[in-house]
Amino acid sequence: MSAPDTAAPPANPAPNGPSAPPADPNAPPQQGQAQAEEQDEAAEEQDRPQDAWASRRELADHAPPALRIGSGAGFGGALVTGDQHGVSGGRVAGDVIMGSKTEIWQLGPPAPHASGEVPAATLERLAESFVADEEAFGALADRLREERVLVVRGAAFTGRRTAALMLLRRAGATSVRSLLRDRPPAELAAQLDAEQQRAEQGRAGDAPAPGPVGYVLCDLMADRTRPLREPHLLAVRDRLAAHDGYLVVTVGPTAVLEEVDPAGWQPPSVAEVLTAHLTAQLRALAPDPATCEEYTGRESARLLALPAVTGFLARDHQLREAAAFAPALARHAAGGLPADELDAFSLGALESQVREWFEEDEAALPLRDKAFLISLAAFDGGPYALTAELSDRLYAELLRTQRPHAPADVPVFGTHIGKRLQLARAERRQAEEATEWGPVRQWVAAFRDDRAALVLLRELWTAHPSARPALVRWLRALAEDGRPLVRTRAAATTAVLAHADLPSAMALLIEEWAASPRYRHRMVAASALALAHFVGAPNVPRILDGWSQGEDRPMRWVAIRTHALIGPERPAGTLRVLRTVVRKEYEESRREDPPAPLDEAMVEELAGAVELLLLSEARETVLGELLASYEVDRPARDLTLAGFLRACGRGAEPHTGPESGPGPGPGAEDEGPDEEHPPGRPLVLDWYREAVGGPATAWVAHGLTRLWRAALGDSLHSRDALEVLRLWVLAAGHRQDVEWALAALLPALVAEPEDALRLAHLLRTMPGEDGAPPPPVAARLLTVVPAAGHPVPQPR
């Protein structure tokens, strides 16, 4: 077993190169088949394994924040990023408690499609908890009195309907009637006439006319086919003036208005709404009317300081959710709601929103918007342009499921970015993204609630099985993409699906990737399994142990790569598995007659796993395990020394590129991206320097020295060991701390006169960078190597 090249491998052109364009789904069958064959041939030519270090860097750079290694977030049992997921509790307006009990919350007048008078009791209840900027609201009320009709534009779920009712009340309306919203704007005047005639017929012959009547029309359906125009409002104004009435029309941000000047609705903050509603609820609980204000003030301050409330306010919740949270707080104050159910309210509101997004009713989101939500969940915090691009691919796949015999019709131009993000309760911001060319600044899109992506993917996978075929096809296409970010997010999404339903995710995605002859697929499978394990998916180590012992070699490769990624949390067990696999490789090669050569790809992967473990946070445990076992037999020795030398080469590269940089690890530093040839800092040598100075870690320095002596004295590994030492000497020419550490190590590597001769020969004859003569640092280091025949210093 020959040790692999310890210098960082060249950047992998296949995973990091540009992706091939997808075959045209509407092309003729023969042409489409030819395109697919050409793409498969090109992909096969570019397919090469990526080392474990680079895979770990991609996970660290590109996985969603909730799934990144060491983030401490994600699912944990029934948790979603630290919040309980799936427990009873969590009341949401107009939805279901997450247990066996169902409760409907009515926070305003009847639904906008109903027609009739809004009960006076409803108006009184809303007035008790209504909050708005008094100056701005008063200006809107004055405008309504003057113009008789007012169009209020605002986003959904910002309290615009309640504001419309309160405007009518402030204008002096003695009663309020709700009008149908699905009538064309041209029929508004006729609708008012009909309402007025109905009112006159219901009134006794000579009974006095009531006071001013208010009309509210919520969420008028005004689009390009039937816009709301100024003549419509002028006709309505005449009718209202004749009958002493007022009308408030609410519209969304995308309603089409022609020569109409709408009033913009600026909603209050969530904290203001929650405080106002809670105060109204507490008034009913006051034990003594005389001390009502004192009681409500004291209790309100206490409840608003609870961790469940501060956590709720820190999230991106809507005003309707704040209004629904207030009764739950009041019930908790009265002893009727346990603290754990109060804590679960925020997550329950989020789950309710996700279910609402995927509902199929008259107010359902278009399929393209649902595809964007799913893509945003997969690429949460990623570049917006990429999220939108891949959401259209998912939309085409969903259309294939919904209309299998019709061509995929994807509009070239669609919804404005602002509307899309508002709908998704997301935000766009500039952030630095890691790329194979270094960090770049891009516009990224992310949910404002960091739990939304995980909850949405789980809901999609478990509650909407009809969407699975399209989602699976989409994820398979992402796994083929040439961009590391895309492949990593495909793996991360699959990991969330595996947590929700492991058997289905394994059968539909992971096992197919793991059994593929192509390395790109296998790397996605390994990343998916590693991330699934990090977020708490069950039985991943058991799956890996079975694949490690199995006869399917691609799956064995995936198991080793995944063990390398998750190994730091169970280092001893991982090393046992690696030793078992390497012995199995040696046995299989000896079975042949004559003995077959070892599988180089498997050998490289095993050594890369040991390298990753030695450079992890569990490095001392790993070093102890290696020292205790590497001399047991030849396979264990070769595995240890090859992995050790790979680890020693990490960080010593004379040129730090995107695939070979120091990256995260013990002793690594940021060398600055602007230097053309930044000096290296070998991570293992830095570890040796730290260990040699402390009594408690002297065994680490001695252990590293033992492995170095074994590598230099082994005929299969000595050439690679000397090449690593050459890289360390070159690095020492750029950094004084590396030179000092190497000067302390070199004498300890001399156990026999042959060792001194070998090191001296290296320092005298090694070429410098770009074929130059030996660097001056080599001559300085030569002075610390004991000459042949002199006493050899023994390690203490």
Side-chain angles (χ1 to χ4, degrees), residues 108-124 126-127 136-154 160-223 226-252 255-265:
H113 61 269
S115 178
E117 184 173 350
V118 179
T122 298
L123 295 174
E124 288 295 332
L126 291 175
F137 189 77
L140 290 181
D142 292 340
R143 181 176 170 184
L144 176 61
R145 291 191 195 96
E146 179 182 350
E147 299 179 8
R148 295 280 179 175
V149 58
L150 184 64
V151 178
V152 176
R153 187 197 288 273
R160 61 191 181 188
R161 181 175 62 178
T162 301
L165 294 170
M166 294 300 99
L167 281 171
L168 292 170
R169 181 184 176 92
R170 179 74 66 91
T174 57
S175 63
V176 177
R177 301 190 66 84
S178 178
L179 304 179
L180 290 168
R181 75 184 185 99
D182 54 356
R183 300 289 179 84
E187 296 183 10
L188 267 177
Q191 201 174 0
L192 285 177
D193 285 340
E195 289 289 333
Q196 186 62 33
Q197 290 175 8
R198 207 164 19 246
E200 290 177 355
Q201 290 173 1
R203 194 167 58 243
D206 54 353
V213 179
Y215 299 94
V216 61
L217 200 165
C218 295
D219 302 334
L220 175 68
M221 300 172 66
D223 53 27
R226 49 180 191 180
L228 178 63
R229 297 187 172 96
E230 183 186 31
H232 300 152
L233 296 185
L234 293 177
V236 167
R237 186 175 300 161
D238 293 341
R239 305 299 200 283
L240 293 170
H243 300 294
D244 193 18
Y246 301 98
L247 169 65
V248 178
V249 180
T250 67
V251 296
V256 179
L257 310 177
E258 294 185 2
E259 298 182 351
V260 174
D261 181 22
W265 167 240

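- T174 places a side-chain heavy atom less than 4.5 Å from the side chain of P212.
- Across all their heavy atoms, R183 and E187 have their closest contact at CD-OE1, 3.7 Å.
- Not a single donor-acceptor pair under 3.5 Å links the side chain of R160 to the backbone N or O of T250.
- Going from atom CG of L234 over to atom CD of E259 covers 9.5 Å, rounded to the nearest 0.5 Å.
- Between A263 and L140, the closest heavy-atom pair is CB-CD2, 3.4 Å.
- Taking 4.5 Å as the limit, every side-chain heavy atom of T122 sits out of range of all side-chain heavy atoms of L165.
- Taking CG from L179 and CG from L220, the interatomic distance works out to 10.0 Å, rounded to the nearest 0.5 Å.
- Annotation: side chain of D193 is in contact with side chain of R239 (closest heavy-atom distance under 4.5 Å).
- Note that CG of L168 is 9.5 Å distant from OH of Y246, once rounded to the nearest 0.5 Å.
- Pairing each heavy atom of P227 with each of H232, the nearest pair is O-CE1, 3.5 Å.
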**Request:** Starting from the C-alpha separation in whole Å, work towards a yes-or-no answer on side-chain contact (heavy atoms from CB on, under 4.5 Å) for D261 and R143.
**Result:** CA-CA 12 Å; D261 181 22; R143 181 176 170 184; 3.6 Å; yes
**Request:** Verify side-chain contact (heavy atoms from CB on, under 4.5 Å) between F137 and L167, making sure each step is shown before the conclusion.
**Result:** CA-CA 8 Å; F137 189 77; L167 281 171; 3.6 Å; yes
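- Residue E117 holds its CD atom at 8.5 Å from CG of L123, rounded to the nearest 0.5 Å.
- With contacts defined as side-chain heavy-atom distances shorter than 4.5 Å, the pair L180/Q191 qualifies.
- Here the side chain of R145 pairs a donor or acceptor atom with the backbone of R170 at under 3.5 angstrom.
- Using a 4.0 Å cut-off between a side-chain N of Lys or Arg and a carboxylate O of Asp or Glu, R148 and D244 qualify as a salt bridge.
- When side chains are defined from C-beta on, L188 counts as touching L217, because their heavy atoms get closer than 4.5 Å.
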**Request:** List the steps, then state whether side-chain contact (heavy atoms from CB on, under 4.5 Å) holds for L126 with M166.
**Result:** CA-CA 8 Å; L126 291 175; M166 294 300 99; 4.0 Å; yes
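- Note that CG of L247 is 10.5 Å distant from CZ of R237, once rounded to the nearest 0.5 Å.
- In this structure the side chain of R226 reaches within 4.5 angstrom of the side chain of P185, judged on heavy atoms.
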**Prompt:** Could you go step by step and tell me if V176 and R169 meet the side-chain contact (heavy atoms from CB on, under 4.5 Å) rule?
**Reply:** CA-CA 8 Å; V176 177; R169 181 184 176 92; over 6 Å; no
